[in-house]
Amino acid sequence: MVASLDTTFLDHSYENPFMNASGVHCMSTKELDELSNSKASTFITKSSTSVKRAGNPEPRYRSVPLGSINSMGLPNEGFEYYLEYATKYQKKNSKANPIFFSVAGMSVSENLKMLRALQDSDFHGIVELNLSCPNVPGKPQVAYDFELIKEILTQVFEFFTKPLGVKLPPYFDFAHFDAVAKILNQYPLAYVNCINSIGNGLYIDAHNESVVIKPKNGFGGLGGEYVKPTALANVRAFYTRLNPSIKVIGTGGIKTGQDAFEHLLCGATMLQVGTELCEEGVTVFTRLENELKEIMDRKGYTSIEQFRGKLKSL
Ligand code: SIN
């Protein structure tokens with residue numbers, strides 16, 4: 001194989017575009033260590049809240065035929081746990097590329113508090129502000145409230161100077177792609193991550209005439225094969241609307257090298273793997289890299305930049 005998967009993201013050169021999606025295999029230091037020792041080129045922590053959260057009652061994640069449904073409810077070990085891990089990791093791996101730190105506060109003020117702490121800390125990686133968790137009962141997804149996106153980002157960029165991206169939910173209408181892109185283009189964002197799970201799907205076990213997860217009467221975020229076309233549409237829609245300085249991370253339905261190739265063709269720079277990482281464990285990254293390289297070799301591409309974003313229209 002001659003194809004190179006080298007990926008430049010925010011002026012850093014990563015060995016390949018693959019990493020985990022926040023929420024999968026990144027809750028504990030053990031899981032984070034396993035990611036750091038895997039073939040993923042970097043990793044992101046579980047979205048944290050200021051204090052540890054137990055999350056929703058179990059069962060709250062189910063693998064289903066074409067993917068997954070979850071209503072985890074942001075279980076996490078709390079902001080300080082991940083900050084301590086991240087800063088120790090940086091010291092131990094001073095030559096490693098930046099890692100990603102995800103935050104998902106329950107309110108604007110909680111997000112600002114965590115971002116202020118990150119700004120004042122020694123953390124010199126990349127921060128992802130999760131505006132799209134669909135699973136906290138009584139808390140609508142922030143990124144479906146366009147005024148609230150503006151309010152948060154305006155306040156954040158009054159003090160935050162480290163690289164910051166936002167995790168977006170899927171949008172389903174050109175008017176919404178346009179409106180959100182117009183807002184995001186007003187801020188010095190490093191990237192957008194498309195997409196979080198498709199919120200509030202319902203998977204039914206017809207034999208038992210029952211839902212399959214406990215929280216929210218079975219409603220939960222969909223991942224895996226169900227979501228790939230929606231994820232690709234969102235990657236493409238934002239890639240073609242955002243200032244070129246705002247990169248796009250593609251997340252959703254990456255199960256094979258071909259899925260990865262399609263996300264890159266739509267314009268994604270980095271690629272996050274969720275459901276399939278949960279299914280297969282960290283060895284998924286080795287397989288995805290080999291499969292992507294095989295496709296590139298077959299097509300005669302030696303680098304990702306030769307085809308990234310170059311999706312043809314008819
Ligand atoms: C969760 O913990 O409920 C999943 C996180 C997310 O979808 O943002």
Side-chain angles (χ1 to χ4, degrees), residues 19-28 31-32 35 43-64 67-79 81-82 100-108 110-111 114-115 127-145 148-149 152 164-171 191-203 211-224 226-228 230-231 234 249-254 272-279:
M19 59 187 291
N20 65 308
S22 177
V24 182
H25 211 97
C26 56
M27 187 101 79
S28 65
E31 288 178 327
L32 290 163
L35 283 171
F43 59 89
I44 185 166
T45 56
K46 171 69 183 166
S47 294
S48 64
T49 47
S50 329
V51 291
K52 181 177 168 133
R53 269 176 71 85
N56 292 339
E58 295 185 2
R60 56 192 183 182
Y61 180 99
R62 267 290 291 270
S63 175
V64 290
S68 61
I69 183 165
N70 90 83
S71 183
M72 302 295 290
L74 289 174
N76 75 90
E77 297 292 337
F79 177 79
Y81 177 94
Y82 299 105
F100 291 63
F101 192 107
S102 173
V103 295
M106 294 290 130
S107 61
V108 176
E110 189 182 356
N111 278 319
M114 289 188 285
L115 291 174
V127 177
E128 180 164 292
L129 175 60
N130 180 354
L131 299 178
S132 51
C133 177
N135 302 329
V136 181
K139 297 266 179 205
Q141 287 179 71
V142 173
Y144 285 146
D145 179 339
L148 193 52
I149 300 179
I152 293 185
L164 180 91
V166 285
K167 177 94 172 259
L168 297 176
Y171 297 97
Y191 73 90
V192 300
N193 185 348
C194 303
I195 57 173
N196 206 323
S197 57
I198 297 186
N200 297 305
L202 189 61
Y203 189 88
V211 301
V212 298
I213 54 173
K214 188 174 173 66
K216 294 174 71 178
N217 294 321
F219 284 70
L222 301 177
Y226 296 112
V227 313
K228 187 181 76 172
T230 301
N234 277 261
I249 295 185
T251 305
I254 299 179
Q272 295 190 348
V273 185
T275 298
E276 198 55 28
L277 169 59
C278 194
E279 289 299 308

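Both counts, for ligands and for their atoms, begin at 1 and track the order of listing.
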Worksheet item: How far apart are the closest heavy atoms of I69 and G201, and which atoms are they?
Response: CD1-O, 3.6 Å
Discussion item. Run the side chain to side chain donor-acceptor pair (under 3.5 Å) test on T49 and N76 for me, step by step, so that the C-alpha distance in whole Å, both residues' side-chain angles and the decisive distance to 0.1 Å come before the verdict.
Written reply: CA-CA 7 Å; T49 47; N76 75 90; 2.9 Å; yes
Response to the item:
Expected contact list for ligand 1 at under 4.0 angstrom, heavy-atom basis, is K46, N70, M72, G73, L74, P75, N130, C133, P134, N135, N196
Discussion item. Quick one: does any side-chain atom of N20 pair with a main-chain N or O of F43 as donor and acceptor, under 3.5 Å?
Written reply: no
Discussion item. Is any side-chain heavy atom of Y81 closer than 4.5 Å to one of S48?
Written reply: no
Discussion item. Once rounded to the nearest 0.5 Å, what's the spacing between atom CG of N56 and atom CD1 of I213?
Written reply: 8.5 Å
Worksheet item: What do the steps show when you test E279 against S63 for side chain to side chain donor-acceptor pair (under 3.5 Å), and what is the final call?
Response: CA-CA 8 Å; E279 289 299 308; S63 175; 2.7 Å; yes
